[in-house]
Amino acid sequence: MVKNFGQRPIYRFHNGLRIEIDRDEWPSDVPLLASATVNVLGDGPFHNYWRIVFLPDMTVEITAGWWSMPESLDDVLKFYEVEMRTLGWELQESYRFSERRASVEYCHPATQVKVSMSFQRWETRNETTALISRTLKHPYAPPVEEEEIVEENVEPVLEEVTK
Amino acid sequence: VIALSYALTITIPAPQVARAASLAPGTEGLLKQTAIHLSKMEGGVSIGGFPGFEPPDDEKYKQKIKNKYYSARDVNDWVKEINNFLKQIIEKNPGMTLEEILTKQGVTPTQIGEFMKALRNLKITVEGMDGYGVDPARAKLFVELLLKLGVTAW
């Protein structure tokens, strides 16, 4: 999924990592319109990313992208309604806040991946933006302490030797 | 000693009493300010039923908001303010989730969804801009405050 593995900068947070991703590295299970390009803000294109968060009992994997499309909000919503259903996603939540804003959330029953999408139409820029976040939680159990392993393995041997 | 020869009866409608007893004074103002700052990132629209951001009489700033030309530094400034508001909301209403607070405020379920979504969107944005103009400590605090308010980070 990630190109140029090992040659890409990694940004370290207090509890994880962030790796920036290009359009062709976007997860294939979350469709994008062919016209989608990275959303541009005041500083330039948003830095779409793959983020890994380390928590005591889980690792959270988040892929986030902010996309811009010329299609109308209704057309974008229609695209996702069809494509996500085709890919087996189950709709969890759907809001139409106004003519210009909507949001949906999906969960995939096979993988338990969750996707959240927020859409907004910007008439002055003739574009619809989609802020998409794909999240997967991986359970984590800390390894057994090394001292316990040593005690378990060494004590019987010591007993044998000292007999 | 003057004896009172009559009793003064005051009747307060029950819902208002419940609301007044549940939310600390000033909470509504803090929610409104949070919504206004979130609105800056969404073109000035109303968030959660609260008024949208009205830019000052500055054409450049108006265009910045209207066309989302804001920078990571702008987001950094706005997150600082939002952190301040959220901290106060938490201090004033200990143990309550944001959803409970907004419900007590009389915000509808759809508006609550909008408010929470705007906060989650800000989190996604902040984590992409972290190191590009958004201060990492500020971003970290923002996520911690969201968790304290029961706003699921993931």
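Here is how names work: the chains are called A, B, and so on, in the same order as the sequence lines, proteins then strands, and each is numbered from 1. The figures here come from the full heavy-atom set of this structure, side chains too, leaving out hydrogens, waters and symmetry mates. Remember, it's a predicted structure, so these values are computed and weren't measured experimentally.
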Is any side-chain N of the basic residue among Lys66(B) and Glu123(A) closer than 4.0 Å to the acidic one's carboxylate O? no
Would you call Glu114(B)-Arg96(A) a salt bridge at under 4.0 Å N-O? no
Considering only heavy atoms, which portion of [X] lies under 4.5 Å from any heavy atom of chain B: side chain, backbone, both, or neither?
X         : answer
Asn39(A)  : side chain
Thr129(A) : side chain
Val40(A)  : backbone
Thr124(A) : both
Leu55(A)  : side chain
Lys137(A) : side chain

Tell me whether the count of non-hydrogen atoms from other residues, nucleotides or ligands lying under 6.0 Å of [atom1] in [X] goes above 12.
X        : atom1 : result
Asp58(B) : CG    : yes
Glu54(B) : CD    : no
Lys62(B) : NZ    : yes
Glu71(A) : CD    : yes
Lys64(B) : NZ    : yes

Give the cluster check for [X] versus [Y]: same hydrophobic cluster or not, with ILVMFWY residues linked at side-chain heavy-atom distances below 4.5 Å.
X        : Y         : result
Val45(B) : Val107(B) : yes
Phe97(A) : Phe53(B)  : no
Val30(A) : Ile52(A)  : yes
Leu87(A) : Val82(A)  : no
Val60(A) : Tyr140(A) : no

Per-residue tally against chain B (heavy atom, under 4.5 Å) across Tyr49(A), Tyr11(A), Trp122(A) peaks at Trp122(A)
Just by distance, do the side chain of Arg18(A) and the backbone of Glu127(B) share a donor-acceptor pair under 3.5 Å? yes
Flag, side chain of Tyr132(B) to backbone of His47(A), donor-acceptor distance under 3.5 Å: no
Any side-chain heavy-atom pair of Lys117(B) and Leu131(A) under 4.5 Å: no
Would Lys68(B) and Glu127(A) satisfy salt bridge (Lys or Arg N to Asp or Glu O under 4.0 Å), going step by step from the backbone distance to the final call? CA-CA 12 Å; Lys68(B) 60 171 171 69; Glu127(A) 65 179 10; 2.6 Å; yes
Between [atom1] of [X] and [atom2] of [Y], what distance do you get to the nearest 0.5 Å?
X         : Y         : atom1 : atom2 : answer
Ser116(A) : Asn121(B) : OG    : CG    : 6.5 Å
Asp43(A)  : Asp74(B)  : CG    : CG    : 8.0 Å
Glu42(B)  : Gln120(A) : CD    : CD    : 5.0 Å
Phe46(A)  : Met129(B) : CZ    : CE    : 6.0 Å

What class does the angle between the rings of Trp66(A) and Tyr70(B) fall in, given that below 30° is parallel, 30 to 60° is tilted and above 60° is perpendicular? tilted
Under 4.5 Å from any heavy atom of chain A - which part of Gln111(B): neither
Chain A contact via Thr125(B) - which portion, at a heavy-atom distance below 4.5 Å: both
Set out, in order, the CA-CA distance, both residues' side-chain angles and the distance that settles side-chain contact (heavy atoms from CB on, under 4.5 Å) for Met41(B) and Leu41(A), then state yes or no. CA-CA 10 Å; Met41(B) 302 185 53; Leu41(A) 300 165; over 6 Å; no
